[in-house]
Amino acid sequence: MGLLNTFDKPVFLKEDSDTIQFLCRLKELQTQASGKAKYIIDREIKLASMGEIGEKNIAFELKNSGMQMYIMHDMHFEINGLSAQVDYIVVTRKITFIIECKNLIGDIDIDSEGNFIRKYELNGKRIKEGIYSPITQNQRHLEILRQIKRESKGNMLSKMLFDKYFDENYKSIVVLANPKTVLNARYAKKEVKQMVIRADQLNKYIKNVYQQSKQPALNDRDIKEFAEGLLALHTPNKSDYTKKYELLLKNISDADKQTHNKAELIKQLKEFRLQRSREENIKPYYIFSDKQMMDLIDKMPNSKEELLQVSGFGEVKTEKYGDIILKIISGYS
């Protein structure tokens, strides 16, 4: 390798993340939200912030690995309608590591079937729940990357060679970034245990896999070219994950408006009913009962013909009170 090998420390080719922009937009929406919408957005901000902290923990470990590696953070790939958002790609001279970061609250058990069970305390209660396997999630990311890389090969022979050595050249790792998380993989299969580690074990894991690899080591020029080739496959993520929260705000705002309008309409109808009952010296429910009023609000008639379809409104009552009732309703339709 000779003079070409002057590369001797970790280098970030991409360190930025979409998470920062996502959090900024969520915080903007937070100022507009109230009630249920605010609770949901507050929770999402907390989760996204935890994820960002976890990714920073991994970045710290990699920066202090002392290894020759290129690092890319928050990589997005697309092919044939499929997409993958990879937390970290680490390119060493022999192996490329695809890293899924999980900054989970609580302890993680992995059973003999590969199921992930999370245990934590909430408001004094012990919660035990299954979570989607991050191994499966990261393997899907790896498969999308494999398809992209395979398509870039020029002929069938190079594609076959790529497929043959892919598993030796690319490794999937799930990293639990919360230092308080206890991982119990005692009953997990060996191949599963090898895919899930804590953040403080990451550098040791990478070094061990690297040392055990029989793949030829790339020189400075080739590793840089390879890493930059992966970076070139990154496509900016056009998905706006805050859209669903904007829609939530709109829906809740519309629902709140409808609730407010309904309350105002009930108030107006009751005031009319009380006033007329006093003028005629009769009980208010003789004009219309509460049940009939709710049917009136549900049907929101626009004409006397439609008003006749409302419970309790016959021709006499419709003729007597119809004009004023329709006028009241028209202000809320």
Side-chain angles (χ1 to χ4, degrees), residues 7 10-22 51 54-55 58-59 62 67-102 132-175 191-192 194-197 202 205-206 209-210 213-241:
F7 165 55
V11 174
F12 266 84
L13 290 183
K14 182 180 182 297
E15 197 167 359
D16 62 309
S17 168
D18 291 338
T19 304
I20 301 298
Q21 296 178 355
F22 177 59
E55 292 177 12
I58 291 179
L62 293 172
M67 285 191 68
Q68 302 160 329
M69 59 171 64
Y70 284 104
I71 306 161
M72 287 155 276
H73 179 211
D74 199 22
M75 296 283 283
H76 183 256
F77 303 109
E78 290 185 4
I79 185 172
N80 299 328
L82 301 174
S83 65
Q85 193 84 25
V86 180
D87 291 333
Y88 282 98
I89 294 181
V90 175
V91 179
T92 69
R93 294 189 186 276
K94 292 183 178 182
I95 308 290
T96 297
F97 297 90
I98 310 300
I99 299 176
E100 174 68 17
C101 168
K102 291 296 179 187
Y132 189 85
S133 169
I135 291 178
T136 301
Q137 182 181 6
N138 208 36
Q139 285 177 327
R140 186 171 65 249
H141 296 166
L142 189 58
E143 174 57 23
I144 290 172
L145 180 58
R146 186 192 71 79
Q147 291 182 36
I148 295 172
K149 290 288 292 180
R150 190 178 191 276
E151 279 201 1
S152 68
K153 302 302 175 182
N155 54 60
M156 188 54 65
L157 178 60
S158 60
K159 291 180 189 291
M160 289 174 62
L161 288 172
F162 173 78
D163 288 337
K164 181 178 179 180
Y165 294 105
F166 182 81
D167 291 339
E168 295 179 31
N169 292 326
Y170 294 83
K171 299 294 181 184
S172 169
I173 322 172
V174 174
V175 180
E191 59 268 25
V192 172
Q194 293 174 341
M195 292 185 195
V196 186
I197 58 175
L202 178 58
Y205 174 89
I206 291 175
V209 173
Y210 182 90
S213 173
K214 297 179 180 178
Q215 297 296 100
L218 298 175
N219 59 36
D220 281 5
R221 181 188 62 195
D222 290 344
I223 186 177
K224 183 178 182 183
E225 183 179 309
F226 178 79
E228 289 177 343
L230 284 175
L231 181 61
L233 298 175
H234 167 73
T235 57
N237 190 351
K238 298 178 182 178
S239 300
D240 184 355
Y241 295 116

Between [atom1] of [X] and [atom2] of [Y], what distance do you get to the nearest 0.5 Å?
X      : Y      : atom1 : atom2 : result
Asn169 : Arg146 : CG    : CZ    : 13.0 Å
Thr235 : Ile148 : OG1   : CD1   : 7.5 Å
Ile58  : Lys102 : CD1   : NZ    : 11.0 Å
Phe226 : Thr92  : CZ    : OG1   : 9.5 Å
Lys171 : Tyr205 : NZ    : OH    : 7.0 Å
Ser172 : Leu142 : OG    : CG    : 6.0 Å

Does a side-chain heavy-atom distance below 4.5 Å link [X] with [Y]?
X      : Y      : value
Ile71  : Pro10  : yes
Leu62  : Met67  : no
Glu151 : Asn80  : yes
Val90  : Ile173 : no
Leu202 : Ile99  : yes
Ile89  : Ile98  : yes

- prompt: Are more than 12 heavy atoms from other residues, nucleotides or ligands located less than 6.0 Å from atom OH of Tyr165?
  reply: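 No - once you tally the heavy atoms of other residues, nucleotides and ligands closer than 6.0 Å, there are 12 at most.
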
query: Would you find more than 12 non-hydrogen atoms of other residues, nucleotides or ligands less than 6.0 Å from Lys159 atom NZ?
result: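 Atom NZ in Lys159 is crowded, with more than 12 foreign heavy atoms closer than 6.0 Å.
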
field: Nearest heavy-atom neighbours spanning Ser83 and Ile144
entry: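 Closest approach of Ser83 to Ile144, heavy atoms only: O-CD1, 3.2 Å.
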
query: Looking only at heavy atoms, which two atoms of Cys101 and Gly54 are closest? And how far apart?
result: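 Looking at all heavy atoms of both residues, the closest pair is SG-C, 3.6 Å.
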
- request: Test Phe166 against Lys149 for side chain to side chain contact (heavy atoms under 4.5 Å, CB included), laying out the working first.
  value: CA-CA 10 Å; Phe166 182 81; Lys149 290 288 292 180; 5.6 Å; no

query: Does the pair Glu143/Arg140 count as a salt bridge with the N-to-O cut at 4.0 Å?
result: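 Salt bridge flag = no for Arg140 with Glu143.
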
With sequence neighbours excluded, what pairs up with [X] under the salt bridge (charged side-chain N to carboxylate O under 4.0 Å, His left out) test?
X      : answer
Arg150 : Asp163
Lys14  : Asp16
Glu225 : none
Glu168 : none

When you measure from the side chain of [X] to the backbone of [Y], do you find a donor-acceptor pair of N or O atoms at a distance under 3.5 Å?
X      : Y      : value
His73  : Tyr88  : no
Asn138 : Pro134 : no
Asp87  : Glu55  : no

message: Restricting to ring pair (Phe, Tyr, Trp, His ring centres under 6.0 Å), what partner residues turn up for Phe97, sequence neighbours left out?
response: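 Phe97: no ring pair (Phe, Tyr, Trp, His ring centres under 6.0 Å) contacts found.
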
Partner set under side-chain contact (heavy atoms from CB on, under 4.5 Å) for Asp167, not counting sequence neighbours: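 Result, side-chain contact (heavy atoms from CB on, under 4.5 Å) vs Asp167: none returned.
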
- request: List the steps, then state whether side chain to side chain contact (heavy atoms under 4.5 Å, CB included) holds for Val86 with Met72.
  value: CA-CA 9 Å; Val86 180; Met72 287 155 276; over 6 Å; no

task: Using the side chain to side chain contact (heavy atoms under 4.5 Å, CB included) rule, take Asp220 and Arg93 through it: C-alpha gap first, then chi angles, then the decisive distance, then the call.
output: CA-CA 8 Å; Asp220 281 5; Arg93 294 189 186 276; 2.7 Å; yes

- request: Report the C-alpha distance between Phe77 and His141 in whole Å, list the side-chain angles of each, state the deciding distance to 0.1 Å, and finish with yes or no for side chain to side chain contact (heavy atoms under 4.5 Å, CB included).
  value: CA-CA 8 Å; Phe77 303 109; His141 296 166; over 6 Å; no

